[in-house]
Amino acid sequence: MSPENGSNLLESDAANVSFKETELTLGMPGESRGLTLVEKASGKRGFLETVDLNLGRSSNVDYDRNKDSGESETDVSSVAKPPAAKSQVVGWPPVRAYRKNAMKSCKYVKVAVDGAPYLRKVDLEMYNSYQQLLNALEDLFSCFSFTIRNYLTERKITDQEVNNSGVEYVPTYEDRDGDWMMLGDVPWKMFVESCKRLRLMKSSEATGLAPRTASKCSSSS
Amino acid sequence: MNYFPDEVLEHIFDFVTSQRDRNSVSQVCKPWYKIESSCRQKVFVGNCYAISPERVIERFPGLKSIFLKGKPHFADFNLVPHDWGGFVYPWIEAFARNNVGLEELKLKRMIISDECLELISRSFPNFKSLVLVSCEGFTTDGLAAIASNCRFLRELDLQENDVEDHRGHWLSCIPDTCTSLVSLNFACLKGDVNLAALERLVARSPNLRSLRLNHAVPLDILQKILMRAPHLVDLGVGSYVHDPDSETYNKLVTAIRRCKSVKSLSGFLDVAPHCLSAFHLICPRLTSLNLSYAPGIHGTELVKLIRHCRKLQRLWILDCIGDEGLEVVASTCKDLQEIRVFPSDPFVGNAAVTEVGLVALSRGCPKLQSILYFCQQMTNAALITVAKNCPNFTRFRLCILDPTKPDAVTNQPLDEGFGAIVHSCKGLRRLSMSGQLTDQVFLYIGMYAEQLEMLSIAFAGDTDKGMQYLLNGCKKLRKLEIRDCPFGNAALLMDVGKYETMRSLWMSSCEITLGGCKSLAKKMPRLNVEIINDNDQMEVSADDRQKVEKMYLYRTLAGQRKDAPEFVWTL
């Protein structure tokens, strides 16, 4: 499932970002990413170590997915069930939930949509790709019917713009230097680190920002 | 026996401050019991379900200050369901009803609601101090009530609580007339605060000595606050991200220079590490440094900072300091008494420190008394060396990220290493172990750990004998928590009377059965034996032979508690 024109966008130097993250799939966000999600969330390459308990109880080994991680629990466990797979034990290491959450570094940013009377906030740490984030944004502002231009894949995320005013938005963000950038140019993790807030700009206003050709996009990576 | 009038005894007892000593005093004779009880102002209740509030009020009519603990310790690690219990409301309601002149309230691992906070703020006109540690159930609205109504508020200290942030202006609710603030800690709040109100508050609080900010307080505000509060003794920096060339930074350096009293530093929740040199001015005076929430400080910046901290007594740090970093600590901080090394990545099993760092610390810091150490591996040799170098440990907690890992060099269990620790550290009161451990280590503990009060065990032991050695040996044991160990009914029921000399026992994922627990409950009516059945593992009519996943028992004078949720059965 590789959209050809978008596939070269993310030949980035960030070692831990794969093309797969921004690949548009038909599934629900997060699905079929299985253990990959676990690695990404932890930011480490190493696997979790098996705890061989030999107590004859399967209930000892559980999946300590932090509740706020937003990852699909069933996906992880269904992938990791075979005994050879590495797993994490509930309550180990004995670190307070508060500390675990703090180290997880919640990354809440404000989201403004041109024309909407109020802003929302999203936790960027809850997502693993631009695709997931854009989907979540559409959900968040679902009372406004609009679409978000996704320059990663050069096609619209949803096709529901048939009868509405066809208002199209361009996702932009303000980075640490105070500059307004378009989503998708930098690897996801880099984006999470540098994003201070999001703004969905009306396409009509986003002149000069939004190339319609793939070549311009790829040149900015 | 008494030739002194009561007032004289009262006056003498005033000098006895520790609760343990006062408990001893009260047991000397009936008159002393009466006098001591009538004038005791500060009470500590280690288990809120061990006694009813009414009894406490009745015995201590002079009660002004209370410290209550709720959930069992393992609740910290998600082993106890959230709504298990530990509600403080009945206590506050009883205090209010009985006109207790409450001034100070400290809670740990309890559930406190906004209504409760409001009740506190309205019921106790002299209320001065609220300290909440690892609590939940409240929002910033509750804080607003405390802020608005407690006119003599001296201390509001929120440590690691789970607070729902409604982004209200709770801080601005503190009236302009309130100038009594001494300590304010809101580092755990996730939301914004009214920065102008914060500045004004600091400006009108001449007694402010402790201030811990959350991440929403930016650098320029920090600088202004420090200018207004040069007498601070304890500072928690929130956000520390800025441009080192900016004017704000220069102003900050000036402000820090004025703070000649800061002895304790923490925070740096967001940090640009290359600008830490401003704090090098403060470091030489520091006795306490907590960088355990500052993953952004590591490498050379961290080491540079540590090298300035020659007077440090307490250090909380992340394992990204590495063994080499710990060597720097060992060579710099000769007065170190307490160190905690936390894992910087608690979700994955990789820690950046090993036994090497621990040995270095023991060599360089002979005054070490208290350690919490999350590490990648350990060896018996290292533990034996540490035991020799530091016989003064009172608290020793070692957590190897792989909980059943043997000696990294010899592949033997770590029995000998921990055995050496308990043998050498005659004053050891708290011990927490990990790694591959057999019954042998429990034999050692039972034999040598005479002062041991609290023991935490996980994935250890071979047979019931392990637990039996413990129960037989450790005369001063108060809290025992066990998970994933092969201890069964024979161990549990060996000495049922022992549990009345202890505060509590936790056993999860062990070999005890429903029948064993029932038997225990029957023999010991003054124990609450709770089965926590949160995963619907057992049915009411379950077979007695079924294993119990989670059991928590504690001595109590209050009988079965009435607020237990459905999944908690008191046998």
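Residue numbers start from 1 in every chain, and the chains themselves are labelled A, B, ... in the order their sequence lines are given, proteins ahead of strands.
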### Task
To the nearest 0.5 angstrom, please state how far the CH2 atom of A:W92 sits from the CG atom of B:D402.
9.5 Å
#### Entry: Within 6.0 Å of NZ in A:K110, more than 12 heavy atoms from elsewhere
no
### Query
Taking everything shown except A:R197 itself, do over 12 heavy atoms lie less than 6.0 Å from its CZ?
no
### Task
Only counting residues at least two apart or in another chain, list the ones meeting side-chain contact (heavy atoms from CB on, under 4.5 Å) with A:Y98.
B:E160, B:C188, B:Y293
### Summary
Sequence neighbours excluded, the answer for side-chain contact (heavy atoms from CB on, under 4.5 Å) partners of B:L372 is B:R340, B:F342, B:F374, B:R397
### Minimum heavy-atom distance between A:R96 and B:S134, given as atom pair plus value
NH1-OG, 3.2 Å
### Query
Does any non-hydrogen side-chain atom of B:P403 lie less than 4.5 Å from one of A:V89?
no
### Query
Between B:L79, B:D162, B:D76, B:L318, which residue shows the highest count of heavy-atom pairs closer than 4.5 Å to chain A?
B:D76
### Task
For each of B:S456, B:C399, B:A75, tally heavy-atom pairs with chain A at distances under 4.5 Å, and name the one with the top tally.
B:C399
[X] portion near chain A, given a 4.5 angstrom heavy-atom threshold:
{"X": "B:L269", "answer": "neither"}
{"X": "B:A458", "answer": "side chain"}
{"X": "B:A294", "answer": "neither"}
{"X": "B:S292", "answer": "both"}

